[in-house]
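A quick write-up on the structure given underneath.
Residue numbering restarts at 1 for every chain, and letters A, B, ... go by the order of the sequence lines.
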Amino acid sequence: MTGALAIDVRALSKSFGDKQVVRDLDIQVQAGRVTGFVGPNGSGKTTTMRMLCGLLTPDEGEGKVLGLDFRKEARVIKRRTGYMTQKFSLYEDLTIAENLEFTARVYGMSDRRKRVDEALEKLGLTSRRNQPAGALSGGWKQRLALAAATLHEPDLLLLDEPTAGVDPKARREFWDEIHALAAGGLTVMVSTHYMDEAERCHDIAYIAYGRLMARGTTSELIDQSRLVTFRAEGATEEGMSADHLSTELSRKPGVEMAAPFGSALHVSGTDRAALEAAIAPYRRPGLTWTEARPTIEDVFIHLMNKAEDNFA
Amino acid sequence: MNGPSLSGQRILAVLIKEFIQLTRDRLTYAMILGVPIFQLLLFGYAINNDPHNLPAIVLDQDRSSFSRSVLVALDNTDYFRFVAEARSPAELDAAIEEGRAQFAITIPQDFGRRVVRGDRAQLLIEADASDPTAVGGAVAAVAGLPGQALVHDLTGPLAGKAGSAPFEVVVHRRYNPENITAYNIVPGLLGIVLSMTLVMMTALALTRERERGTMESLLSTPVEPLEVMVGKLAPYVVIGLIQTAIILILARLLFGVPFVGGWAALTLGVVLFIVGSLSLGFLFSTVAKSQLQAMQMSVFYLLPSLLLSGFMFPFRGMPGWAQAIGEAIPVTHFLRIVRGSLLKGVGIEHAWVSLVALTLFVAVVTTLAMSRYRTTLD
Ligand SMILES: Nc1ncnc2c1ncn2[C@@H]1O[C@H](COP(=O)(O)OP(=O)(O)OP(=O)(O)O)[C@@H](O)[C@H]1O
Ligand SMILES: [Mg+2]
């Protein structure tokens, strides 16, 4: 199925009042893959996802979701899509089992009992099935929400910041689950602010100010960015470690960003010559400079700066 | 585009969910039990009032100058407004039964002759006393009538007859002969308690989901608007019926309110009114931006229901404009049905106007609610 598009929507736009939140956005998501949806706060990720699953009416935009006209057949798309909201939106006053039973009924599932029991078993919540969902900790709530969103075995899964505030181990398990689902043929679109999560995605779409800024695999994004990064380690003879130079360096022409990583320093820019000129004075004894491959975080910050320059 | 098709299973999903949430909410129990009992005790002892211009129907079988003078005198008390002249006792009865007239006045055939002969002439007044505060003033005014009504007719040779009262007034209270206010208030309370609790509860139905954020999940499922509405309202229909039972049982036990009959009209009226009130609350919740706003809308609806429906003040005692507004309030019609059936045993054949009004109420409110319900978050 690789190559087929589960989501192929073009020129999507949405305004709230006179504020345009999504502008002329093209979204393509390949079937059976995990696509990361990244962008700064307020860039329109949630709004876009809501439009894709029929929760918001787009002002503009045409295209297909799961091969169906996403504007006209929202009703059918809803049935085949699982949507996990950014804010926990299951019923806190219902128990864990009751929430899953509600979902099973609403989707008209025939073997309801069995499916709910299986889901609880898989979650490891069988013994807590009669606790109110509101009493769960943040991480458990997210796992329950994922179980509810996938209970009806959708073809498309939209996850809006599913791991915000979840500890690393639970996050790892969450992502293992997402990849297991994708391996089973499910298409996943997941928004996140975590770099490590973005890197776990097959594809990434980066948006800012409601516009698509870049898309591709992690290494494609890094290549596309034409970003050059140098890494400094060690300390100057005066005893100043490399990371302390970040403020000073970031003001130099040609340096787009200078960010400390522990006691090391990453300095990046798109103009190699200007960047080398900027760091030349700092090639001092004690400091070792090496060219490094930009990280995906460098690329995102670069994209964010670029968007600010162009649209803010 | 696939048309919406209702699914029993999805309705059941919403219904079960709503029912569980309801049973977990303490406020529910307060509403079901607390409000009816509290209100019943509070209003069981009522306000007095003295309305004028009450509709009266006349059967003048005498048609003498004396009978005409008596009618003029009745008219002069300002308590009566003659709406019709009956041609038979049956017509008179029907007017009272259907509530078109509060008083039925009969002047017997031999009234004039008996006055002249000084032979205990009688004026019969039948009062619909199911609303005792309404008839009290009128009945008191009528007591002074015999001494004055015929002063100008009994002159010359008849002057001697004018001294002592030349006739007597026989007042016959129907439906509530002992003139007990609670008889009127308590059935009325049923309408007030039901509107108060049911409208408010469903006014929160969608606003609560929206404020808690659960609306986003709900809307992302395939559930249809009408399924949400039916599923959400159904558990409250049961609550409405429980409240009705509580009030009627207490009305019987504490206040001895008579249950004359008219069960068919009563049942139909109660069900229509419960469904209508719930739908109205649901309509509010589709319009309101927050739970607070939903509550305010409910209160806004409740005030005229309390004041202009004939619950607080006798309907006939209100000025014309207030009566016109009152006619448009569902509680008004519900009160007529409940009082009619409990106190008078009125059947569907007489209560149909109010039943039709309530049916209309349900239809209009449901249609509006469905047209207001949004399946998106915009
Ligand atoms: N219903 C609404 N009415 C008005 N403005 C809205 C509405 N929903 C979102 N917005 C605005 O649209 C913009 C984009 O919001 P959106 O939630 O899509 O961003 P996001 O990318 O999901 O952000 P975050 O990463 O913080 O979740 C924001 O400025 C937000 O304030
Ligand atoms: Mg968001």
Side-chain angles (χ1 to χ4, degrees), chain A residues 14-17 46-47 49-59 68-69 71-95 97-110 112 132-134 145 148-149 151-152 154 158 160, chain B residues 1-29 201 204-232 234-235 289 291 372-378:
Chain A
K14 177 78 184 174
S15 298
F16 293 112
T46 301
T47 307
M49 285 187 162
R50 284 176 173 168
M51 286 193 280
L52 291 176
C53 65
L55 280 180
L56 283 175
T57 319
D59 299 338
L68 300 158
D69 185 317
R71 303 188 71 140
K72 298 208 182 99
E73 309 212 62
R75 185 174 276 124
V76 189
I77 293 171
K78 270 184 190 177
R79 227 165 278 168
R80 293 175 51 195
T81 304
Y83 173 48
M84 183 175 156
T85 56
Q86 182 168 356
K87 182 177 170 288
F88 184 68
S89 61
L90 298 184
Y91 296 99
E92 302 214 345
D93 50 352
L94 295 193
T95 66
E98 284 162 355
N99 267 300
L100 292 174
E101 273 158 17
F102 172 71
T103 309
R105 277 205 183 88
V106 158
Y107 284 98
M109 289 163 49
S110 48
R112 194 181 66 242
L151 193 65
H152 64 293
L158 302 174
D160 197 356
Chain B
M1 188 169 169
N2 280 27
S5 56
L6 289 190
S7 138
Q9 198 169 21
R10 288 199 294 265
I11 293 178
L12 196 67
V14 179
L15 193 152
I16 292 174
K17 171 216 134 212
E18 206 65 26
F19 184 76
I20 297 172
Q21 289 186 306
L22 231 152
T23 56
R24 302 234 163 106
D25 190 1
R26 288 236 179 78
L27 190 69
T28 312
Y29 298 101
M201 283 198 205
L204 300 179
L206 293 179
T207 42
R208 195 193 295 123
E209 298 246 9
R210 235 174 275 134
E211 273 179 33
R212 290 186 186 170
T214 52
M215 198 65 187
E216 198 178 351
S217 271
L218 186 65
L219 288 181
S220 74
T221 71
V223 70
E224 299 287 343
L226 193 59
E227 293 164 355
V228 174
M229 176 155 171
V230 173
K232 274 184 175 287
K289 294 258 179 316
Q291 294 195 55
R372 284 280 328 174
Y373 186 95
R374 293 273 157 270
T375 51
T376 61
L377 296 166
D378 318 67

B:D378 versus A:L56: any side-chain heavy-atom pair under 4.5 Å?
yes

What I'd like to find out is whether the side chain of B:R24 reaches to under 4.5 Å of the side chain of A:L94, using heavy atoms alone.
yes

Any Lys/Arg nitrogen of B:R212 or A:D93 sitting under 4.0 Å from an Asp/Glu carboxylate oxygen of the other?
yes

Between B:M215, B:K17, B:E209, which residue shows the highest count of heavy-atom pairs closer than 4.5 Å to chain A?
B:K17

Is any side-chain heavy atom of B:I16 closer than 4.5 Å to a side-chain heavy atom of A:F102?
no

Contact part of A:T103 toward chain B, heavy-atom cut-off under 4.5 Å: side chain, backbone, both or neither?
neither

Does any backbone or side-chain atom of A:M109 lie under 4.5 Å from a heavy atom of chain B? Answer side chain, backbone, both or neither.
backbone

Do you know which of B:Q9, B:R374, B:E227, B:E216 has the most heavy-atom pairs under 4.5 Å to chain A?
B:E216

Residue list, side chain to side chain donor-acceptor pair (under 3.5 Å) with B:S217, at least two apart or on another chain:
A:S89

Which heavy atom of B:T376 sits nearest to which heavy atom of A:G54, and what is that distance?
CG2-O, 3.5 Å

With respect to chain B, which residue among A:R105, A:H152, A:E101, A:M84 yields the maximal number of heavy-atom pairs within a distance under 4.5 Å?
A:R105

Only counting residues at least two apart or in another chain, list the ones meeting side chain to side chain donor-acceptor pair (under 3.5 Å) with B:E211.
B:Q291

Report yes if the side chains of A:Y83 and B:L219 come closer than 4.5 Å at any heavy-atom pair, otherwise no.
no

Sort B:S220 into side chain, backbone, both or neither according to what part of it lies under 4.5 angstrom from a heavy atom of chain A.
both

Take atom CZ of B:F19 as the centre, draw a 6.0 Å sphere, and report whether it contains more than 12 heavy atoms from other residues, nucleotides or ligands.
no

